[in-house]
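For reference, the structure discussed in these notes is given below.
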Amino acid sequence: MQITWLGHSGFRIQIEDAVLLIDPWLSGNPMFPVDRRTEALAGATHILLTHAHGDHASEAKAIASETGVPVACIHELSEWLNAQGGVQTIGFGKGGTLALNGAKVTMVNATHSASIDFGGGALLPGGSAAGFMIAGEGHVIYVSGDTDIMADMAWMGELHNPDIGILSCGGHYTMDMERAAWAARKYFNFRTVIPCHYQTFPILAQDANPLRAGLPPGVEVVEPQVLDPITFPKQ
């Protein structure tokens, strides 16, 4: 299994027979090297969107057209994407689970706004924000999406028992490093934590040292490098 950062909140996750592109914002992302776009998209089987904001969803239509793969996201956003034409979508809701090429993807709650804020027009309703629990190869990955701490994390941690946490923790728009560390030690038993939604802009946190300092001994914090795969053995 491999988890590869695409910068900001974008990830490429190779798990079971799936290659999942999570919030793949490439064009306009100051962290992503434009000359490596083909590499990032190669072999993709599905696109997953946590919510409708432009730094997560604005390229979904273009990437779906390039790769010919479906976009899985919350129902309202999937309906809007369908209306744009040329996009195959899988709309589902919180608590719903998709079987994607051997991986199981469950949509869970996040607390964040979720309007469609790209395209130059007025803000449009885009459903609500979500996270994902992605299970396969003996692992469960919690993709928090953009969120603050929430009480739902208690049952999510107990029910799904993720060993890997991909946590938004850049602050300002989401929980910061200290809050993410508090949530991780309060609600989860992660072996590995990967920070995201940071470094992209000066307003966001630039390193994960406060996250690392706030976690219990034995929890590894991996600060990802763009397009440098992090490999996990099958359990």
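All of these numbers come straight from a predicted model, not from anything done at the bench.
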For this session: Flag the pair Met1 / Lys234 as yes when at least one side-chain heavy-atom distance between them is below 4.5 Å, and no otherwise.
Result: no
Exercise. Does Thr147 use its side chain to pair, donor to acceptor, with the backbone of Thr111 at less than 3.5 Å?
Worked result: yes
For this session: Spell out, as yes or no, whether a donor-acceptor pair under 3.5 Å connects the side chain of Arg12 to the backbone of Ala42.
Result: yes
For this session: I would like to know whether Glu16 and Lys104 meet salt bridge (Lys or Arg N to Asp or Glu O under 4.0 Å); could you show each step before the answer?
Result: CA-CA 10 Å; Glu16 300 290 349; Lys104 291 186 176 181; over 6 Å; no
Exercise. For Ser113 and His51, which heavy atoms make the closest approach, and how far apart are they?
Worked result: O-CD2, 3.7 Å
For this session: Check whether any side-chain heavy atom of Ile116 lies under 4.5 Å from a side-chain heavy atom of Pro125, and answer yes or no.
Result: no
For this session: Could you go through the ring pair (Phe, Tyr, Trp, His ring centres under 6.0 Å) check for His56 and His197 one step at a time?
Result: CA-CA 10 Å; His56 298 257; His197 209 280; 5.7 Å; yes
Throw together a table of side-chain donor-acceptor distances under 3.5 angstrom for residues 93-103, partners on residues two or more places apart or in other chains.
unit_1, atom_1, unit_2, atom_2, d
Lys94, NZ, Asn109, OD1, 2.7
Lys94, NZ, Ser128, OG, 3.0
Lys94, NZ, Ala129, O, 2.9
Thr97, OG1, Thr106, OG1, 2.7
Asn101, ND2, Asp17, O, 3.2

Exercise. Linking I/L/V/M/F/W/Y whenever any side-chain heavy atoms sit under 4.5 Å apart, do Val87 and Trp25 land together?
Worked result: no
For this session: Return the set of residues passing side chain to side chain contact (heavy atoms under 4.5 Å, CB included) with Gln206 (not counting sequence neighbours), or none when no residue passes.
Result: Gln199
Seminar exercise, completed: Between Phe118 and His53 the two heavy atoms that sit nearest each other are CD2-C, 4.2 Å
Problem set entry | Val19 vs Ile13 side-chain heavy atoms within contact, under 4.5 Å | no
Problem set entry | Backbone N/O of Gly145 and side chain of Ser168: donor-acceptor pair under 3.5 Å | yes
Problem set entry | Heavy-atom neighbours of Arg191 CZ exceed 12 at 6.0 Å | no
For this session: Please assess Phe132 against Ile141 for the test side-chain contact (heavy atoms from CB on, under 4.5 Å), listing each intermediate value before the final yes or no.
Result: CA-CA 8 Å; Phe132 298 112; Ile141 306 164; over 6 Å; no
Exercise. Do the non-hydrogen side-chain atoms of Ile164 and Val140 ever get within less than 4.5 Å of each other?
Worked result: no
Exercise. Considering only heavy atoms from C-beta outward, does the side chain of His160 approach that of Val108 to under 4.5 Å?
Worked result: yes
For this session: Go through the steps for His8 and Asn29 under the test side chain to side chain donor-acceptor pair (under 3.5 Å), then give the verdict.
Result: CA-CA 8 Å; His8 198 53; Asn29 179 348; 5.9 Å; no
Problem set entry | By salt bridge (Lys or Arg N to Asp or Glu O under 4.0 Å) - contacts of Asp207 (at least two apart) | none
Exercise. Side chains of Val193 and Val222: does their closest heavy-atom pair fall under 4.5 Å?
Worked result: no
Exercise. Do Trp155 and Phe188 have ring centroids that are under 6.0 Å from one another?
Worked result: no
For this session: Check Ala57 against Leu49 and note the closest heavy-atom contact, atom names and distance.
Result: CB-CD1, 3.9 Å
For this session: Carefully, step by step, assess Asp23 and Ser9 under the rule side chain to side chain donor-acceptor pair (under 3.5 Å).
Result: CA-CA 6 Å; Asp23 291 347; Ser9 287; 5.3 Å; no
